Amino acid sequence: MSHAAVTSTGVERSIHEMLKDAPSLNESDGPVHTGTASPHIQNNHIEEFQARPTSMNIPLNSPTLQSGSTTAPTTPMQNGDAQNMRSAQSKIESIKSWSISTYKCTRQLMYEKLGKSSRTVDSELEAQIELLRDTQRKYCNVLRLSRALTSHFHHVVQTQHALGEVFSELAQKSPELQEEFLYNSETQRNLTKNGETLLGALNFFVSSVNTLCNKTIEDTLLTVRQYEVARREYDAYRTDLEILAQVAKSDPNSMARMEEAQSSYEQHKQNFEKLRSDVSIKLKFLDENRVKVMHKQLLLFHNAVSAYFSGNQSALEATLKQFNIKVKSPNSSLPSWLEQ
């Protein structure tokens, strides 16, 4: 036997002896890094996992161990979702209420035009409302004409001012007609000055009548329109209540609907009576205010126009002072900040 064979046999023998003396894998305390663990190791891990709750002192009736009673904590996002849902439900209810009310009012209006339903009538109040609307139409016509007069007269004053400037320029260039040109130039300048004074009175008159027509009267008419809508709603729910009252005589199960209709009727009745009272009060105060305003404005208009066309400059200026009207020439420059 050669030396190489002896050496190989000795190495193999020593390896077999080392394997015999090594501990078994089942008795090893170190971690096992193989792909699969032995059944003995798996059983040890399972027993250890099952014993953990007892070793950690966790009660068996804890919510974390009961799968059926697990509750998730409330988060801000969930609170926001709940608020959005409540807001959406509120909007849906308001849209539903508006749709029902609109349907009832439309039906009531059609029935009134067809003569199939009665309407609540306050003859005295409706006569006052119609008179107010007629007054507004007439005052708006006065406003339209006074605006046209002011606009036309403004162009007249501008033309007179330009004509006076031309006469003054020609007086410097025409010595043979200088006296005549200067006389006419001075006349046009006086007319321009008086015309600007009259324009101040006309503008004040137009502004006051415009406020009366488009703000004061319109505010009262807005309340009147709200009153008319409330009257229609009141009649619509009153008609529903009368119909349900007839149905309830033969159908006792409709008492719940009857109570709901009675509640809606009382609510709309209160709103209708409140707006009727508001309209009556506003009409009374509006009439008193209208008389005061128009008395002042008509007196101003008469005195200013009469003084201008009669050539009474002092009377025209006194009229504007009486009503505290400041006249500003359309050709004058804006005052400085020190004057303001």
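Keep in mind the model is a prediction, meaning the values are calculated, not measured.
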Check your understanding: With side chains defined as the heavy atoms from C-beta onward, is the minimum distance between Lys215 and Asn210 less than 4.5 Å?
Key -> no
Point to revise | Verdict with supporting geometry, Arg137 and Glu130, salt bridge (Lys or Arg N to Asp or Glu O under 4.0 Å) | key: CA-CA 11 Å; Arg137 285 192 294 267; Glu130 186 59 32; 3.8 Å; yes
**Study point:** Result of checking Lys269, Gln262, His268, Gln270 against Glu266 for side-chain hydrogen bond (donor to acceptor under 3.5 Å, both in side chains)
**Key:** Gln262
Practice item. Enter the distance from Phe204:CZ to Thr150:OG1 here, rounded to the nearest 0.5 Å. Key: 13.0 Å
Review point. Rounded to the nearest 0.5 Å, how far does CZ of Arg147 lie from CG of Leu202?
Key: 13.5 Å
Practice item. May I ask you to say whether Glu288 pairs ionically with Lys284, meaning some side-chain N is under 4.0 Å from a carboxylate O? Key: no
**Study point:** Connected via hydrophobic side-chain network under 4.5 Å: Leu182 and Phe167
**Key:** no
**Study point:** Heavy-atom side-chain contact between Leu170 and Leu177 under 4.5 Å
**Key:** no
Check your understanding: Using 4.0 Å as the upper bound for N to carboxylate O, is an ion pair formed by Arg276 and Glu124?
Key -> no
Exercise for review: Show the numbers, then the answer: is there a side-chain contact (heavy atoms from CB on, under 4.5 Å) between Val157 and Leu198?
Suggested key: CA-CA 10 Å; Val157 172; Leu198 179 59; over 6 Å; no
**Study point:** Sub-4.5 Å side-chain heavy-atom contact between Leu300 and Gln297
**Key:** yes
**Study point:** Positive for side-chain contact (heavy atoms from CB on, under 4.5 Å) with Leu316, one of Asn194, Asn303, Val305
**Key:** Asn194
Review point. If we only count heavy atoms from C-beta on, is the Gln313 to Lys193 side-chain gap below 4.5 Å?
Key: yes
**Study point:** For Lys138, side chain to side chain donor-acceptor pair (under 3.5 Å) partners two or more places apart
**Key:** Asp134
Review point. Under a single-linkage definition using a 4.5 Å side-chain heavy-atom cutoff for Ile, Leu, Val, Met, Phe, Trp and Tyr, are Ile281 and Val279 assigned to the same hydrophobic cluster?
Key: no
Practice item. For Glu179, look at atom CD and say whether over 12 heavy atoms of other residues, nucleotides or ligands are found less than 6.0 Å away. Key: no
Check your understanding: Is it the case that one hydrophobic cluster holds both Ile325 and Leu212, taking links as side-chain heavy atoms less than 4.5 Å apart, direct or via other members?
Key -> yes
Check your understanding: How long is the span from the OG1 atom in Thr192 to the CD atom in Gln158, to the nearest 0.5 Å?
Key -> 8.5 Å
Point to revise | Joint cluster assignment, Phe181 & Leu191, ILVMFWY side-chain distance < 4.5 Å | key: no
Exercise for review: Would you tell me whether Gln188 and Glu165 have side-chain atoms, one donor and one acceptor, within less than 3.5 Å of each other?
Suggested key: no
Check your understanding: Just by modelled atom types, is the Val142 backbone N or O under 3.5 Å from a matching donor or acceptor in the Ser146 side chain?
Key -> yes
Revision key, fill the gap. Value for CD (Glu233) from CD (Glu228), rounded to nearest 0.5 Å, stands at 12.5 Å
Point to revise | Separation of Ser264 OG from Glu259 CD (nearest 0.5 Å) | key: 12.0 Å
Check your understanding: Any side-chain heavy atom of Cys140 sitting closer than 4.5 Å to one from Arg144?
Key -> no
**Study point:** Carboxylate-amine/guanidinium contact Glu242 Arg238, below 4.0 Å
**Key:** yes
Review point. Parallel, tilted or perpendicular: which describes the rings of Tyr308 and Phe153, with under 30° parallel and over 60° perpendicular?
Key: perpendicular
Point to revise | Ser277 side-chain N/O to Glu273 backbone N/O, donor-acceptor pair under 3.5 Å | key: no
Review point. Who are the side chain to side chain donor-acceptor pair (under 3.5 Å) partners of Glu186, not counting sequence neighbours?
Key: none
Check your understanding: Hey, does the side chain of Asn203 reach the backbone of Leu199 with a donor-acceptor pair shorter than 3.5 angstrom?
Key -> yes
Exercise for review: Could you give me the CA-CA distance, side-chain angles and deciding distance for Phe272 and Tyr227, then say whether ring-ring contact (aromatic ring centres under 6.0 Å, His included) is met?
Suggested key: CA-CA 7 Å; Phe272 166 68; Tyr227 157 76; 5.7 Å; yes
Check your understanding: Val224 pairs by side-chain contact (heavy atoms from CB on, under 4.5 Å) with which of Lys282, Glu126, Gln128, Arg133?
Key -> Arg133
Check your understanding: For the hydrophobic clusters of this structure (ILVMFWY residues joined by side-chain heavy atoms under 4.5 Å, transitively), does one cluster hold both Tyr183 and Leu163?
Key -> no
Review point. After noting the C-alpha distance and the side-chain angles of Asp122 and Arg231, does the key distance pass the side-chain contact (heavy atoms from CB on, under 4.5 Å) rule?
Key: CA-CA 10 Å; Asp122 189 335; Arg231 195 277 309 163; over 6 Å; no
Check your understanding: Step by step, would you call Asp235 with Thr120 a side-chain hydrogen bond (donor to acceptor under 3.5 Å, both in side chains)?
Key -> CA-CA 7 Å; Asp235 283 339; Thr120 303; 2.6 Å; yes
Practice item. Determine, step by step, whether Asp240 and Tyr265 satisfy the side-chain contact (heavy atoms from CB on, under 4.5 Å) criterion, reporting the C-alpha distance in whole Å, the side-chain angles of both residues, the deciding distance to 0.1 Å, and the verdict. Key: CA-CA 9 Å; Asp240 279 354; Tyr265 165 76; over 6 Å; no
Exercise for review: Give the C-alpha distance, both sets of side-chain angles, the deciding distance and a yes or no for ring-ring contact (aromatic ring centres under 6.0 Å, His included) between Phe301 and Phe205.
Suggested key: CA-CA 7 Å; Phe301 189 87; Phe205 176 83; 4.9 Å; yes
Point to revise | Gap separating the NZ atom of Lys292 from the CG atom of Asp287, nearest 0.5 angstrom | key: 11.5 Å
Check your understanding: Between the side chain of Ser168 and the main-chain N/O of Gly164, is any donor-acceptor distance below 3.5 Å?
Key -> no
Check your understanding: Counting only N and O atoms by type, is there a donor-acceptor contact under 3.5 Å from the side chain of Ser310 to the main-chain atoms of Ala307?
Key -> yes
Point to revise | Intermediate values then yes/no, side-chain contact (heavy atoms from CB on, under 4.5 Å), Asn289 and Val293 | key: CA-CA 6 Å; Asn289 185 36; Val293 169; 3.6 Å; yes
Exercise for review: Please answer whether the main-chain N or O of Glu180 pairs with a side-chain N or O of Asn184 as donor and acceptor at a distance below 3.5 Å.
Suggested key: yes
**Study point:** Ser263 (side chain) donor-acceptor with Glu260 (main chain) under 3.5 angstrom
**Key:** no
